[in-house]
Amino acid sequence: MRLSSYFLPTLKNSPREADTISHRLMLRAGMIQQSSTGIYSWLPLGFKVLKRIEQIIREEQNAAGWNEMLMPTIQPAELWYKNNCYNDYGPEMLRITDRHKHNMLYGPTNEWQITDIFKKHIHSYKKLPSRLYHIQWKFRDEVRPRFGVMRGREFLMKDAYSFDIDRETAKINYNRQFMAYLRTFNRLGLKALPVNADSGLIGGKMNHEFVILADKGESEVFCQKDWLNADVNIDKFDYNENLQPVVDSYLKRYSATKARHDPVNCPIELGNLINLPCIEVGHIFYLGNKYSEPMGARVTCPNGRKKVVHMGSYGIGISRLVGAIVEAYNDKNGIVWPEKIAPFHLGLINLSVDDMTCRTASEDIYTKLCSAGVDILMDDSYYRPGVKLAIMDLIGLPWQIVVSPRHAVNKIVEIKNRRTGKREEISVEEVLTRFAPANQALT
RNA sequence: CGGGGUGUAGCGCAGCCUGGUAGCGCAUCUGCUUUGGGAGCAGGAAGUCGGCGGUUCGAAUCCGUCCACCCCGACCA
């Protein structure tokens with residue numbers, strides 16, 4: 001992509017409305033634009049990141065054995081009449097009346113809807129387990145949205161659901177998602193901690209939050225110190241094996257959210273306990289019969305009797321993740337994207353567009369890397385060098401290639417690693433061998 | 001939902017107290033100069049001063065009211 005034809009409205013000053021660092025940077029980098037409180041338009045750069053994250057999540061959900069589908073954003077209110085949920089949900093639910101005076105709502109979550117779909121089609125234990133997920137926008141009319149996309153009212157979420165014959169088999173799916181989450185966050189370049197919320201309860205509801213550590217996180221986690229250096233390298237495992245031992249190996253370490261942490265009964269001695277700010281990015285639940293029972297989601301068992309299915313639901317806040325990642329990865333000059341989710345893998349800066357040598361070299365590199373499948377943003381603008389460098393730092397692409405009159409005559413360019421700031425002068429030929437995907441795992 | 005704060009050019013802000021023809025920086029447009037960290041000079045364009053009502057000869061400024069947005073708390077992916 002050429003910067004000259006890319007919609008990238010960067011800002012030198014951040015708008016007054018933004019206070020949180022990730023919010024400011026996302027506005028300044030031209031990623032998002034606020035529409036109203038907690039509701040944003042995603043401009044091309046932000047949209048690209050959103051899609052990258054979405055795709056990694058999708059691949060991992062598929063790998064874990066879930067079926068992708070899509071449920072609507074607008075739901076009929078009748079779905080929520082069970083157990084008086086429609087009334088109990090309160091003002092957080094955005095209620096809509098259509099022209100026929102039917103009560104509708106913009107879905108804050110999809111448990112009722114998915115259960116409705118399940119029960120209409122699945123009637124036998126032989127069809128279990130059943131695993132479905134979708135990636136869709138949700139709306140919760142929060143009392144106070146804040147932190148930009150980290151806590152919006154409209155948000156993109158991956159929500160997966162599982163249906164099983166009993167608690168034990170439901171646990172298998174729960175463990176699958178647990179591992180899928182570790183893999184997903186790992187691929188996103190994030191160190192995510194599963195936070196055991198209800199560690200002591202047996203047979204009751206079970207749920208884990210996944211949080212990433214960030215200096216200005218909105219919540220806090222209490223955990224064992226060795227979590228921080230824990231090996232989250234989970235490349236080698238088989239979803240069809242018994243995952244319980246692996247999951248247990250992660251859960252043996254203590255972790256709790258601020259709200260759930262009990263300093264009196266904490267099993268960890270103080271010296272081994274650490275308290276850190278974090279952001280919640282995922283949540284998995286074993287739901288039991290909470291939705292299946294009132295909805296009448298039952299299957300016929302081998303003995304001919306009907307049985308209410310056991311459900312699980314598993315969410316990842318995708319739009320929130322974008323903000324959370326920016327919150328975790330930035331420096332004084334701007335965003336510093338982890339390579340796997342960067343909107344472009346590298347930025348090619350032609351410092352002097354009028355210089356024919358620079359232009360020829362830039363076009364040459366651009367053409368060759370593009371055809372090699374590298375996703376590049378080339379700054380072919382007439383901005384001054386200082387502006388170009390500042391913008392490239394701001395939008396945080398992992399690598400920068402600088403073509404300047406200083407070096408271009410000698411077929412040399414400068415490459416800079418955005419994270420380390422380390423610069424290196426290499427030949428044009430070497431650029432190709434270094435950044436083409438055949439030689440380096442960039443994608 | 002309680003408490004605090006802000007609405008003036010695309011962005012950041014001054015002006016308001018003490019009413020009198022709308023200002024500054026950056027961005028943008030034109031020209032010249034400059035060219036490795038958000039340039040310099042000169043010129044230009046751009047505003048129903050959040051909306052409505054009131055006071056006044058005259059309102060960005062004073063009064064009333066409504067709206068939008070931000071921050072702190074309680075609450076959530």
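In the text below, chain A, chain B and the rest are named by the order of the sequence lines, each starting its count at 1. All values below come from the heavy atoms of this structure, side chains included, with hydrogens, waters and symmetry mates left out. What you are looking at is a predicted structure, and each value in this text was computed from that prediction instead of being measured.
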If I take atom CD in residue A:Glu92 and atom C1' in nucleotide B:A74, what distance separates them, rounded to the nearest angstrom?
13 Å
By a strict heavy-atom criterion of less than 4.0 Å, which residues belonging to residues 34-52 of chain A are in contact with RNA chain B?
A:Gln34, A:Ser36, A:Thr37
For nucleotides 28-47 of chain B, just jot down a letter per nucleotide in 5' to 3' order: B, S or -, based on protein non-hydrogen atoms under 4.0 Å.
------BBBBBB--------
For A:Ser319 and for A:Ala18, find the nucleotide of RNA chain B with the closest heavy atom, then tell me which residue's nucleotide is more 5'.
A:Ala18
Provide, to the nearest angstrom, the distance between the CZ atom belonging to A:Arg24 and the C1' atom belonging to B:G12.
13 Å
Please report the closest heavy-atom contact between A:Ile32 and A:Leu27, naming both atoms and the distance.
O-CD2, 3.7 Å
Measuring only the P atom in each nucleotide, how far is B:U34 from B:C71? A whole number of Å is fine.
46 Å
Short of 4.0 Å, heavy atom to strand atom, which residues of residues 355-363 of chain A count as contacting RNA chain B?
none
Who pairs with B:C17 - Watson-Crick or G-U, where each distance is under 3.5 Å
none
Does anything in residues 62-75 of chain A form a side chain to side chain donor-acceptor pair (under 3.5 Å)? List the pairs, not counting sequence neighbours.
A:Arg58-A:Glu68, A:Asn62-A:Tyr133, A:Glu68-A:Tyr133, A:Gln75-A:Trp80
Output all residues satisfying side chain to side chain donor-acceptor pair (under 3.5 Å) with A:Asn330, sequence neighbours left out; order by chain, then residue number.
none
Is the ring pair A:His23/A:Tyr40 parallel, tilted or perpendicular, if the boundaries are 30 and 60 degrees?
perpendicular
Mind calculating the distance between CG (A:Asp88) and C1' (B:C76) to the nearest angstrom?
16 Å
Just say parallel, tilted or perpendicular for the rings of A:Tyr161 and A:His134, cut-offs at 30° and 60°.
tilted
Give me the distance, rounded to whole Å, that separates B:A59 from B:G12 when you measure between the C1' atoms they each carry.
26 Å
Provide, to the nearest angstrom, the distance between the CD atom belonging to A:Gln33 and the C1' atom belonging to B:G10.
10 Å
Using purine N1 to pyrimidine N3 plus N6-O4 or O6-N4 for Watson-Crick, or N1-O2 and O6-N3 for G-U wobble, both under 3.5 Å, which nucleotide pairs with B:G43?
B:C29
Below 3.5 Å is the cut-off: list the nitrogen or oxygen pairs between protein and nucleotides 3-7 of chain B, distance only.
unit_1 : atom_1 : unit_2  : atom_2 : d
B:U6   : O2'    : A:Arg16 : NH1    : 3.1

With both distances kept under 3.5 Å, what pairs with B:G38, Watson-Crick or G-U wobble?
none
Hey, which of these two, A:Pro15 or A:Arg140, hits RNA chain B nearer its 5' end, going by closest nucleotide?
A:Pro15
For A:Arg359 and A:Asn350, the nearest pair of non-hydrogen atoms, with its separation, is CA-ND2, 3.6 Å
Can you tell me how far P in B:C29 sits from the matching atom in B:G73, rounded to whole Å?
43 Å
Can you tell me if the side-chain N/O atoms of A:Arg144 get under 4.0 Å from OP1 or OP2 in B:C71?
yes
By side chain to side chain contact (heavy atoms under 4.5 Å, CB included), A:Thr357 pairs with (sequence neighbours left out) A:Asp355, A:Ala408, A:Val409
With a sphere of 6.0 Å drawn around OH of A:Tyr383, does it hold more than 12 non-hydrogen atoms of other residues, nucleotides or ligands?
no
Searching all strands shown, indicate the nucleotide that pairs with B:C69 (Watson-Crick or G-U wobble; both distances under 3.5 Å).
B:G5
Not counting sequence neighbours, list each pair that qualifies as a salt bridge (charged side-chain N to carboxylate O under 4.0 Å, His left out) and has a residue in residues 144-159 of chain A.
A:Lys138-A:Asp159, A:Asp141-A:Arg153, A:Glu142-A:Arg151
Would you mind pulling out the nucleotide paired to B:G12, Watson-Crick or G-U wobble, both distances under 3.5 Å?
B:C24
Flag the pair A:Tyr329 / A:Trp337 as yes when their ring centroid distance falls below 6.0 Å, and as no otherwise.
no
Quick one: side chains of residues 312-319 of chain A, donor-acceptor pairs under 3.5 Å with protein atoms, not counting sequence neighbours, listed by atom name and distance.
unit_1   : atom_1 : unit_2   : atom_2 : d
A:Ser313 : OG     : A:Glu111 : OE2    : 3.1
A:Tyr314 : OH     : A:Ser162 : OG     : 2.7
A:Ser319 : OG     : A:Leu156 : N      : 2.8

Flag side-chain contact, heavy atom, 4.5 Å: A:Tyr6 against A:Phe344
yes
B:G4 and B:U8: how far apart are their C1' atoms, nearest whole angstrom?
22 Å
Specify the separation, in whole Å, of atom CG of A:Leu25 and atom P of B:C11.
18 Å
Please indicate whether A:Arg419 has more than 12 foreign heavy atoms, meaning atoms of other residues, nucleotides or ligands, lying under 6.0 Å from its CZ.
no
B:G64 pairs with, by Watson-Crick or G-U criteria that keep both distances under 3.5 Å:
B:C52
Distance in Å, A:Leu351 CG paired with A:Arg406 CZ, rounded so as to fall on 0.5 Å steps
8.5 Å
Mind running a 4.0 Å heavy-atom check of residues 171-181 of chain A against RNA chain B and sending the residues that fall below it, in number order?
none
Look at A:Asp116 together with A:Lys82 and state whether they make a salt bridge at an N to O cut-off of under 4.0 Å.
no
Grab the CZ-C1' distance between A:Arg153 and B:C69 for me, whole Å please.
11 Å
Quickly work out the A:Asn13 CG to B:C24 P distance and round it to whole Å.
18 Å
P atom, B:G20 versus B:G15: distance in rounded Å?
14 Å
Euclidean distance for C1', B:A27 against B:A45 (whole angstrom)
13 Å
What pairs meet the salt bridge (charged side-chain N to carboxylate O under 4.0 Å, His left out) rule with one or both residues in residues 21-37 of chain A, with sequence neighbours excluded?
none
Can you tell me which residue among A:His208, A:Arg131, A:Gln61 is in a side chain to side chain donor-acceptor pair (under 3.5 Å) with A:Gln177?
A:Gln61
Within the modelled atom types, does a donor on one side and an acceptor on the other bring the side chain of A:Arg151 and the base of B:C75 under 3.5 Å apart?
yes
Taking only residues two or more places apart in sequence or in another chain, which ones pass ring-ring contact (aromatic ring centres under 6.0 Å, His included) with A:Phe47?
none
Integer angstrom distance from the P of B:U48 to that of B:G2
34 Å
Looking at every strand, decide which applies to A:Gly152 at a 4.0 Å heavy-atom threshold: base, sugar-phosphate, or nothing.
base
What is the base-pairing partner of B:A74, counting Watson-Crick and G-U wobble geometry with both distances under 3.5 Å?
none
Any donor and acceptor pair, going by atom type alone, linking the side chain of A:Ser427 with main-chain N or O of A:Glu430 inside 3.5 Å?
yes
Between B:U28 and B:C11 - P atom distance, rounded Å
15 Å
